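My structure is below; once you've seen it, I'll send some questions.
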Amino acid sequence: MIEPRDVNEIPGDASQRRRHVMKVRTRFAPSPTGNVHIGNMRAAIYNWLFARHMGGEFVLRVEDTDIERSTPEAIQALLDAMDWLGLDVDGEHLYQTTRQKAHLEAAEMLLEKGLAYKEDKGGTGQGECVIFRMPGTDTTFVDGIKGEMTKKAENMQDFVIVRSNGTPVFHLANVLDDIEQGITHVIRGDDHVENTFRHIALYKALGAEIPNFAHLPMIVNKQGKPYSKRDGDAFVGDFRDKGFLGDALFNYLALLGWSPGDDREVMTREEMVEAFTLERCQSSAAQVDMKKLTWMNGEYMMKLPVEEFNAMAFQALEGAGIEADPEYALQVFGLIRERVKTVADIVPMVGYFFSEEFEYDEKAVRKKLQKDGVVDTLNRLKEIFQSLEVFDEASTDKALHDFVEESGLGFGAVMAPARIAVSGIQSGPELFPMLEVLGRERVIERIDRTIVKFL
RNA sequence: GACCCCUUCGUCUAGUGGCCUAGGACUCCAGGUUUUCAUCCUGGCAACACGGGUUCGAGUCCCGUAGGGGUCGCCA
């Protein structure tokens, strides 16, 4: 049996001390319920980062003891989410349901040693459950993030480890499985701090070496309360649906409660792995800032290889039920590529390229189109475009400039109506490349339609 | 209520006793670039929760106060 002082009383940073002694191994132990909370996912990210930084291993344990919710689909969703974020796992996954026998045997052993006892707790008549006896000594551990934590013996109570129906309770299963998987560092949410005192007692009773613990602050909403479904976007899937990139969310979440110590924010995986330490983690709660996430996502979007961007755009189109000629679509994507902040921006931004039923922005029509002279301008523009030998970016650009010059109209008085006539809105890609992609036929047709409809 | 923990700009953070008249990023505002929008550039607004100590010197150390959070299940 190894005494706790081995872990807690040697001065210096335990994680570094062990680096040379044993390989670091961290874990992610989610319940597969179909949705992973971002707080949990951030914990997974920190575990992953820490393991990679230390040259150790990161393993997965699926806590699937809730039979009703732990469906194959839910497990797959969990794996997909991890894959999306690029959290690669070492070794085989451990499914907790396969461990029940071992859990129960351990409980039996504790019973035999007198470290646990049976009782009908509270006299509820549910039958006897197995209760772990707290040792009656003060407990101290050094949290990798929060520092030294102490709990007095009188403030700790015995707790149930096997229910009267014979199933093991979380505390027992969790500790036993961490031992089984050789976990050296348990990095988890703040809500487990109190459990840690119990778990340490269990490790001792089981004669196992106590791992290092580190507790991450919670992610909270604007009111400072734990971030929940009510606050929206509480699950990893929500972010994927909103068009965020896995790499961007990873980077954002990594920085929510940790910083490399310098001014870097948009960082590569390698840079984050290199810089990550628990000592640099924050010990106070953090709020998600969607604006900053969106900004960061935009940074990642711009760096995305063209092929990847196009693949995502095609997928988005398909998802929206838009059928498009691939060649034409590719040209359209090129036009909007650098203006997109999230994948979800794509469809609303390209709608008018693929349909003649696009909407006209009312305000734009009123302010820019329904003015004296615009009919003439558009008619003239149409004639010019029709007469062009080649209809492309350069030729439309030149033609329009010439027209502006000879007519004495301002650029705004020509460009704005032209843009609205062909796209319905005032903002968008540069006008001339856009005209080229749309093609002469569409452009002229749309100008005609605009005149009939509004002027 | 008991026991633990937390507290720097609106938000994420840098800061480990002098380099801090507190730095960066996002947001917001103003100007410029782009004769659209987005981008980009420049500038600006904006914080050490409060009160006591310790010290020549405190955002940094100590003690209180206030506020916030977590936990107190045969949930995980």
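Chain identifiers are assigned alphabetically (A, B, ...) following the order of the sequence lines, protein sequences preceding nucleic acid strands; residue numbering begins at 1 within each chain. Nothing here was measured: the structure is a model prediction, and the numbers come from that model.
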## Note on the structure
With B for base contact, S for sugar-phosphate-only contact and - for none (protein heavy atoms under 4.0 Å), nucleotides 64-72 of chain B reads -----SBS-

### Message
Tell me every residue that passes salt bridge (Lys or Arg N to Asp or Glu O under 4.0 Å) with A:Arg133, counting only those two or more places apart in sequence or in another chain.
### Response
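Not a single residue meets the salt bridge (Lys or Arg N to Asp or Glu O under 4.0 Å) criterion with A:Arg133.
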
### Query
When all nucleic acid strands are considered with a 4.0 Å heavy-atom cut-off, which category describes A:Gly412: base, sugar-phosphate, or nothing?
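Here A:Gly412 touches no strand at all.
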
### Task
Provide the distance between the two P atoms, one in B:A14 and one in B:G24, to the nearest whole Å.
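That atom pair is separated by 15 Å.
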
### Task
Keeping to residues at least two apart or across chains, list the side-chain hydrogen bond (donor to acceptor under 3.5 Å, both in side chains) pairs with something in residues 358-369 of chain A.
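Applying side-chain hydrogen bond (donor to acceptor under 3.5 Å, both in side chains) to every pair that reaches into residues 358-369 of chain A, excluding sequence neighbours, yields A:Tyr360-A:Thr450.
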
### Task
Scan residues 105-114 of chain A for pairs that pass salt bridge (charged side-chain N to carboxylate O under 4.0 Å, His left out), counting only residues two or more places apart or in two chains.
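Qualifying pairs: A:Lys101-A:Glu105.
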
### Task
For A:Met296, report the nucleic acid contact type (base, sugar-phosphate, nothing); a contact means any heavy atom under 4.0 Å.
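No contact.
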
### Query
Taking the six-membered ring of A:Phe244, is NZ or CZ of A:Lys242 closer than 6.0 Å to its centre and within 45° of its axis?
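So A:Lys242 doesn't make the cation-pi contact.
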
### Query
How would you label the contact of A:Arg188 with the nucleic acid (heavy atoms, under 4.0 Å): base, sugar-phosphate, or nothing?
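Answer is nothing: A:Arg188 stays at 4.0 Å or more from every strand.
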
### Task
Check whether any side-chain N or O of A:Gln282 sits under 4.0 Å from OP1 or OP2 of B:A14, and answer yes or no.
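For A:Gln282, the contact criterion (side-chain N or O under 4.0 Å from OP1 or OP2 of B:A14) is met.
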
### Query
Distance check: side-chain N/O of A:Arg69 vs OP1/OP2 of B:A76, anything under 4.0 Å?
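No, because none of the side-chain N or O atoms of A:Arg69 sits under 4.0 Å from OP1 or OP2 of B:A76.
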
### Query
What string of B, S and - do you get for nucleotides 25-34 of chain B, 5' to 3', if B is base contact, S is sugar-phosphate-only contact and - is no contact with any protein heavy atom under 4.0 Å?
BBS-------

### Query
Under 4.0 angstrom, heavy atoms only, what part of the nucleic acid is A:Asp120 near: base, sugar-phosphate, or nothing?
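A:Asp120: base contact, heavy atoms under 4.0 Å.
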
#### Entry: Contacts of type side chain to side chain contact (heavy atoms under 4.5 Å, CB included), residue A:Met415, not counting sequence neighbours
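Result, side chain to side chain contact (heavy atoms under 4.5 Å, CB included) vs A:Met415: A:Leu400, A:Phe411, A:Leu431, A:Phe432.
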
Please list every donor-acceptor pair under 3.5 Å in which a side-chain atom of residues 142-150 of chain A meets a protein atom from a residue at least two apart or in another chain.
residue  : atom : partner  : partner atom : Å
A:Asp143 : OD1  : A:Ile145 : N            : 2.7
A:Asp143 : OD1  : A:Lys146 : N            : 2.9
A:Asp143 : OD1  : A:His215 : N            : 3.2
A:Asp143 : OD2  : A:His215 : N            : 3.2
A:Asp143 : OD2  : A:His215 : ND1          : 2.6
A:Lys146 : NZ   : A:Asp190 : OD1          : 2.8
A:Lys146 : NZ   : A:Asp190 : OD2          : 3.3
A:Thr150 : OG1  : A:Thr140 : OG1          : 3.1

### Touch class at under 4.0 angstrom, heavy-atom based, for A:Gly298 against every strand present
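It contacts nothing in the nucleic acid.
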
### Query
Mind checking what makes side chain to side chain contact (heavy atoms under 4.5 Å, CB included) contact with A:Pro72, not counting sequence neighbours?
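Per chain and number, A:Pro72 pairs via side chain to side chain contact (heavy atoms under 4.5 Å, CB included) with no residue.
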
### Task
Could you tell me whether A:His215 contacts a base, only the sugar-phosphate backbone, or nothing, with contacts defined as non-hydrogen atoms closer than 4.0 Å?
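Touches nothing.
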
### Query
Base, sugar-phosphate, or nothing: which does A:Ser164 touch, judged by heavy atoms less than 4.0 Å apart?
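Base contact.
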
### Query
Quick one: is A:Arg264 getting a side-chain N or O under 4.0 Å of the B:G23 phosphate, OP1 or OP2?
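No, A:Arg264 has no side-chain N/O under 4.0 Å of OP1/OP2 on B:G23.
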
### Integer angstrom distance from the C1' of B:G67 to that of B:C50
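After rounding to an integer number of Å, I get 10 Å for this pair.
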
### Task
Starting at atom CD1 of A:Ile145, determine the distance to atom P of B:U7, rounded to an integer number of angstrom.
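So the CD1-P distance, A:Ile145 to B:U7, works out to 13 Å.
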
#### Entry: Gap in Å between the two P atoms, one belonging to B:U11 and one to B:G1, rounded
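My reading of the P atoms in B:U11 and B:G1 gives 27 Å.
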
### Task
Go through B:A76, B:U36, B:U7 for me and flag the one nearest to the A:Gln426 side chain.
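Taking heavy atoms from C-beta onward, the closest nucleotide is B:U36.
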
### Closest listed nucleotide, where the reference is the side chain of A:Arg419 and the choices are B:C75, B:U7, B:U36
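My answer, after comparing the listed nucleotides, is B:U36.
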
#### Entry: Touch class at under 4.0 angstrom, heavy-atom based, for A:Ala286 against every strand present
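Sugar-phosphate only.
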
### Query
Considering only the C1' atoms, how many Å lie between B:U16 and B:U8, rounded to the nearest integer?
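Rounded to whole Å, the distance is 15 Å.
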
### Query
Do the ring planes of A:His185 and A:Phe50 sit parallel (below 30°), tilted (30 to 60°) or perpendicular (above 60°)?
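It falls in the tilted class, 30° to 60°.
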
### Task
Would you please name every residue forming a side chain to side chain contact (heavy atoms under 4.5 Å, CB included) with A:Arg61, sequence neighbours left out?
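Partners of A:Arg61 by the side chain to side chain contact (heavy atoms under 4.5 Å, CB included) criterion, ordered by chain and then number, come out as A:Arg27, A:Ala29, A:Glu63, A:Leu94, A:Gln96, A:Asn174, A:Asp177, A:Asp178, A:Gln181.
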
### Query
Out of A:Phe58, A:Trp258, A:Phe276, which one pairs with A:Tyr46 under the ring pair (Phe, Tyr, Trp, His ring centres under 6.0 Å) rule?
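For A:Tyr46, the ring pair (Phe, Tyr, Trp, His ring centres under 6.0 Å) check succeeds only for A:Phe276.
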
